[in-house]
Peer 1: 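So that we are looking at the same thing, I have put the structure below in structure tokens.
Whatever order the structure lists ligands and atoms in, that order sets their numbers, starting from 1. Values below: all heavy atoms of this structure, side chains included; hydrogens, waters and symmetry mates excluded.
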Amino acid sequence: MRDLYIRRMSLPEPLPKESYLNRLPVVKHLSECGIDFHKQVTFFVGENGSGKSTLIEALAISQGFNPEGGTKNFCFSTEDSHSELCNYLRVARGILHPRDGFFLRAESFYNVASNIDQLDREPGPGGYIIENYGGVSLHRQSHGESFLALVEKRFGGHGLYILDEPEAALSPRGIIRLMQNMDELVRKDSQFIISTHSPMLLTFPDAEIYQIQEDGIVSLPFRETNHYRTTVRFLQNPESAIEDILGRTEE
Ligand SMILES: Nc1ncnc2c1ncn2[C@@H]1O[C@H](COP(=O)(O)OP(=O)(O)OP(=O)(O)O)[C@@H](O)[C@H]1O
Ligand SMILES: [Mg+2]
């Protein structure tokens, strides 16, 4: 892939003074330095509440995706909960436009599934939408099955895929399947921008990892991220780690 669809995000103008967004380190970093994209796969990691969803949701909305998720054709809304960050964001795009795209929010994937079922009650000239997702209502599959159906059947390549915690529904084997599909889609000129807590996912080759922390955003190899280090330290000796955490000592 010669160019990326999304190359840079920045905040050229200040947000309203009273906005809670000003307290988020990710927003401070955006206004001071901006965020550059260098790789076809970019991960954002950080503690709960660090601002990952806020950031990628604003990016998705700025690119014309529905705030609750889906392709650019979805326009349902069950709850207007997105922040105003999208109104202030400046996004530098590459020369090529993506031919495919999807914004996945773990929290509202259920509503995407409902919307497909609802639209398919009165199919348009293009036929049933669910055919693009493997043909089985996403509500008649488990959370993980429906998510994998989405990635395996619906994602076609040459796409911009913005995913918020895609691992939420997946078993470790499911995460491996996701990475196999991502590999294929990356070869077909796709760009992924992903918020994640999964140390497994972070090992994806040739990805850039941005860790959001109190003092801003740093780019790190996966072995140096807090998520990977904490998980490895725990799993190297789980019995002693859990005893330490729960404050139990041998009697
Ligand atoms: N309307 C709001 N008013 C005030 N604070 C808010 C509002 N909406 C979100 N926040 C705060 O913004 C912060 C960032 O939330 P966000 O959902 O982006 O975090 P996150 O990094 O995605 O966390 P997680 O890993 O738990 O998904 C949180 O501390 C949240 O409480
Ligand atoms: Mg989140």
Side-chain angles (χ1 to χ4, degrees), residues 6 9-11 14-35 37 41-63 65-70 77-91 102-112 143-144 147 150-151 160-170 172 174-175 178 182 192-204 207-220 222 224-231 234:
I6 303 293
M9 291 161 72
S10 58
L11 269 184
L15 296 163
K17 271 208 181 65
E18 65 286 0
S19 173
Y20 74 91
L21 292 165
N22 291 310
R23 291 198 299 273
L24 299 180
V26 72
V27 171
K28 276 190 207 142
H29 188 93
L30 259 184
S31 33
E32 286 164 14
C33 320
I35 298 173
F37 294 87
V41 178
T42 306
F43 292 112
F44 287 98
V45 290
E47 290 308 317
N48 295 125
S50 58
K52 303 176 299 297
S53 297
T54 307
L55 179 76
I56 69 169
E57 175 192 272
L59 171 67
I61 299 171
S62 77
Q63 298 310 297
F65 290 100
N66 184 37
E68 291 201 42
S77 165
T78 51
E79 201 174 337
D80 190 6
S81 65
H82 69 271
S83 80
E84 60 192 332
L85 186 59
C86 56
N87 303 329
Y88 295 84
L89 203 61
R90 177 181 291 169
V91 179
F102 205 94
F103 171 39
L104 175 105
R105 280 183 56 177
E107 297 115 287
S108 52
F109 188 47
Y110 182 93
N111 300 337
V112 171
H143 189 192
F147 175 69
L150 167 75
V151 177
L160 171 63
Y161 304 108
I162 301 176
L163 313 178
D164 194 358
E165 294 188 34
E167 74 275 12
L170 300 176
I175 293 177
L178 168 63
M182 282 172 59
F192 285 87
I193 296 173
I194 301 177
S195 125
T196 185
H197 290 298
S198 165
M200 276 177 81
L201 205 50
L202 293 179
T203 64
F204 193 85
E208 175 143 58
I209 303 172
Y210 283 126
Q211 179 169 284
I212 302 174
Q213 42 196 52
E214 276 308 312
D215 55 355
I217 298 181
V218 285
S219 172
L220 293 173
F222 71 83
E224 288 176 30
T225 60
N226 290 338
H227 284 20
Y228 184 88
R229 289 161 81 149
T230 305
T231 308
F234 191 98

Peer 1: Near Asn48, which atoms of ligand 1 are under 4.0 Å from a heavy atom of that residue?
Peer 2: 23 (O), 24 (P), 25 (O), 26 (O)

Peer 1: Could you give the distance from CG (Asn87) to OG (Ser62), rounded to the nearest 0.5 Å?
Peer 2: 10.0 Å

Peer 1: Provide the number and element of each atom of ligand 1 under 4.0 Å from a heavy atom of Leu24.
Peer 2: 12 (O), 13 (C), 14 (C)

Peer 1: If the test is ring-ring contact (aromatic ring centres under 6.0 Å, His included), which one of Phe234, Phe222, Phe43 qualifies with Tyr228?
Peer 2: Phe222

Peer 1: If the cut-off is 4.0 Å to any non-hydrogen atom of Ser50, which atoms of ligand 1 fall inside it?
Peer 2: 19 (O), 21 (O)

Peer 1: For ligand 1, which atoms, with element, lie under 4.0 Å from some heavy atom of Ser53?
Peer 2: 17 (O), 18 (O), 20 (P), 22 (O), 27 (O)

Peer 1: Judged by atom type as modelled, is there a donor-acceptor pair below 3.5 Å linking the side chain of Asn22 to the main-chain atoms of Pro16?
Peer 2: yes

Peer 1: Tell me, please, if Ser53 has any N/O/S atom, main chain or side chain, under 2.8 Å from the Mg ion (ligand 2)?
Peer 2: yes

Peer 1: From the options Val151, Leu163, Ile162, select the one residue that forms a side chain to side chain contact (heavy atoms under 4.5 Å, CB included) with Leu104.
Peer 2: Leu163

Peer 1: Would you tell me which option among Glu84, Lys52, Arg105 has the nearest heavy-atom contact to atom 25 (O) of ligand 1?
Peer 2: Lys52

Peer 1: For the residue pair Pro199 and Thr231, what are the closest heavy atoms and their distance?
Peer 2: CG-OG1, 3.3 Å

Peer 1: Is the ring pair Phe192/Tyr161 parallel, tilted or perpendicular, if the boundaries are 30 and 60 degrees?
Peer 2: tilted

Peer 1: If you apply the rule salt bridge (Lys or Arg N to Asp or Glu O under 4.0 Å), what do you find for Glu224 with Arg229, and how did you get there?
Peer 2: CA-CA 7 Å; Glu224 288 176 30; Arg229 289 161 81 149; 5.6 Å; no

Peer 1: Within the structure, is a non-hydrogen atom of Gly46 found at a distance of less than 4.0 Å from ligand 1?
Peer 2: no

Peer 1: Work out whether the distance between some heavy atom of Glu57 and some atom of ligand 1 is less than 4.0 Å.
Peer 2: no

Peer 1: Which ligand 1 atoms, with their elements, are less than 4.0 angstrom from a heavy-atom of Thr54?
Peer 2: 14 (C), 15 (O), 16 (P), 18 (O)

Peer 1: Strictly under 4.0 Å, does any heavy atom of Glu165 approach an atom of ligand 1?
Peer 2: yes

